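Please read these numbers as outputs of a predicted model, since none were measured by experiment. Along the sequence shown, the residues carry numbers beginning at 1. Counting starts at 1 for both ligands and their atoms, in listed order.
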Amino acid sequence: KADSALYKMKESGRGSYRFFDEEIATELTRKKKGLLALHTAVKERDFELHYQPVVDLSDYSRVGYEALIRLSGENGEVMRPDEFIPLAEDFGLIHEIGEWVIETGLREAATWPHHLGIALNVSPRQFGHGVVVKQIDQLLTTLDMDPDRLDIEIIETTLLHASPNTIQELHALDEIGVNIVLDDFGTGFSSMTYVQQFPFDKIKIDRSFVRRIESDRQASIIASTIAALANNLGKHSTAEGIENENQAALLRTAGFQFGQGFLFGKPMPAHEIEELNPDRGKNATR
Ligand code: C2E
Ligand code: MG
Ligand code: MG
Ligand code: MG
């Protein structure tokens, strides 16, 4: 974006200098506004978790839910997690947010029927101090929850800078019995390195491949190859961003076990999902 603005600037002389300036100023104002909203949200715990179903692609039965964070209240309008999570990482707010997600998500999942799992997204920046492992271990014990019901999703690209401590903590989680998931698989620069280095249980192929699977032969071949890689290594595999039946059928044929996407359900607050409120009606606590 900045490149093309610079190009225009060169091309048409001083006139567009202002255009370039304005574009940067607008972007900065937006970032500043976002950071302010984020600060307020952290202080007031103005977050919400929404839950998106994960299904078994062989029969579409629900096997669990992924928790996705939202800014709530007025701040909710300001930014989506794609934007505010990186901002939180850059400004040191990710630890507080991350702890809130783990606590809230696990307490919520503890009330669900036991065949349902929960997937939590954790930023690699949260690792390295042992805090996350300790928190998860203690919560699982307190809530008397089977560790196998918990998936910890880590975005592949951000593992690039993983310290030895991070890798050690992932091993610790693995030993507790928690499942480690490589999220957005295929978007990083050295996916195969991660496959060898990290004790993961599941690969989640990035939505960008799923989106193109019907029209792009290469995307479809890559998807099949990733599924085969997972299967051959004895790992589980999930495809996310499935929006229609045809994609679901293709991904199932490609060898994916689990699926996620608007076809099966959008992320929603837990109280709006019937399956997650088994006691509703029996007693009116919710
Ligand atoms: P992700 O973990 O890869 O989550 C999947 C994203 O794809 C979610 O976006 C979800 O709403 C969206 N999605 C699911 N199905 C479909 C579909 O069929 N079509 C389309 N177009 N989109 C679909 P969301 O909720 O905006 O989250 C974006 C990213 O923000 C997440 O990507 C994750 O990396 C990050 N994130 C969300 N919650 C948390 C959190 O609690 N902690 C951390 N560290 N990151 C989070
Ligand atoms: Mg995820
Ligand atoms: Mg993903
Ligand atoms: Mg993603």
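When each atom of ligand 1 is checked for a heavy atom of V101 under 4.0 Å away, the hits are 41 (O). Residue P267 has at least one heavy-atom neighbour below 4.0 Å for each of these atoms of ligand 1: 11 (O). Within ligand 1, the atoms closer than 4.0 Å to a non-hydrogen atom of Q52 are 14 (C), 15 (N), numbered from 1 in the order shown.
Below 3.5 Å of separation, one finds an N or O of E243 facing an N or O of ligand 1. At under 3.5 Å, a nitrogen or oxygen of I69, whether backbone or side chain, sits near a nitrogen or oxygen of ligand 1.
A donor-acceptor contact closer than 3.5 angstrom links the side chains of W112 and E108. Y65 and E275 are linked by a side-chain donor-acceptor pair at a separation below 3.5 angstrom, with hydrogens and angles left out of the test. Judged by distance alone, the side chains of K202 and Q257 never bring a donor and an acceptor atom under 3.5 Å apart. Looking at Q135 and E99, their side chains never bring a donor and an acceptor atom within 3.5 Å of each other. Using modelled atom types and a 3.5 Å distance limit, the side chains of E48 and H50 yield a donor-acceptor pair. Side chains of S163 and N165: a donor-acceptor N/O pair is absent below 3.5 angstrom, by distance only. Using modelled atom types, one finds no donor on one side chain facing an acceptor on the other under 3.5 Å when comparing E272 with N277.
Rounded to the nearest 0.5 Å, atoms OH (Y51) and CD1 (I118) are 5.0 Å apart. Between the CZ atom of F200 and the CZ atom of F185 there is a distance of 6.5 Å, given to the nearest 0.5 Å.
Comparing N121, T187, V210 against atom 43 (C) of ligand 1, the shortest heavy-atom distance belongs to N121. Looking at A67, G265, P81, S123 and measuring to atom 44 (N) of ligand 1, the nearest heavy atom belongs to S123. Distances from atom 34 (O) of ligand 1 to the heavy atoms of I102, I155, I94 show the closest one on I155. Looking at Q260, K204, R80, it is R80 that brings a heavy atom closest to atom 26 (O) of ligand 1. Ranked by closest heavy atom to atom 23 (C) of ligand 1, the top entry among F262, W100, F47 is F262. Comparing K266, R207, E240, R211 by heavy-atom distance to atom 12 (C) of ligand 1, the nearest is R207.
The distance from the Mg ion (ligand 2) to the nearest N/O/S atom of E153 is under 2.8 Å. At a cut-off of 2.8 Å, D183 is counted among the residues with an N, O or S atom near the Mg ion (ligand 2).
The N, O or S atom of E66 with the smallest distance to the Mg ion (ligand 2) is OE2.
For L49, no heavy-atom contact with ligand 1 is shorter than 4.0 Å. At a heavy-atom distance under 4.0 Å, only backbone atoms of I242 (N, CA, C or O) approach ligand 1. With a heavy-atom cut-off of 4.0 Å, H50 does not touch ligand 1 at all. When heavy-atom distances to ligand 1 are checked against a 4.0 Å cut-off, L263 has no atom that comes that close, whether in backbone or side chain. Residue-level proximity to ligand 1 for E66 is carried by the side chain, the only part with a heavy atom below 4.0 angstrom.
A salt bridge links R45 with E96; the closest basic N to acidic carboxylate O contact falls under 4.0 Å.
For H115, the NE2 atom is densely surrounded, since the number of other residues' heavy atoms within 6.0 Å is greater than 12.
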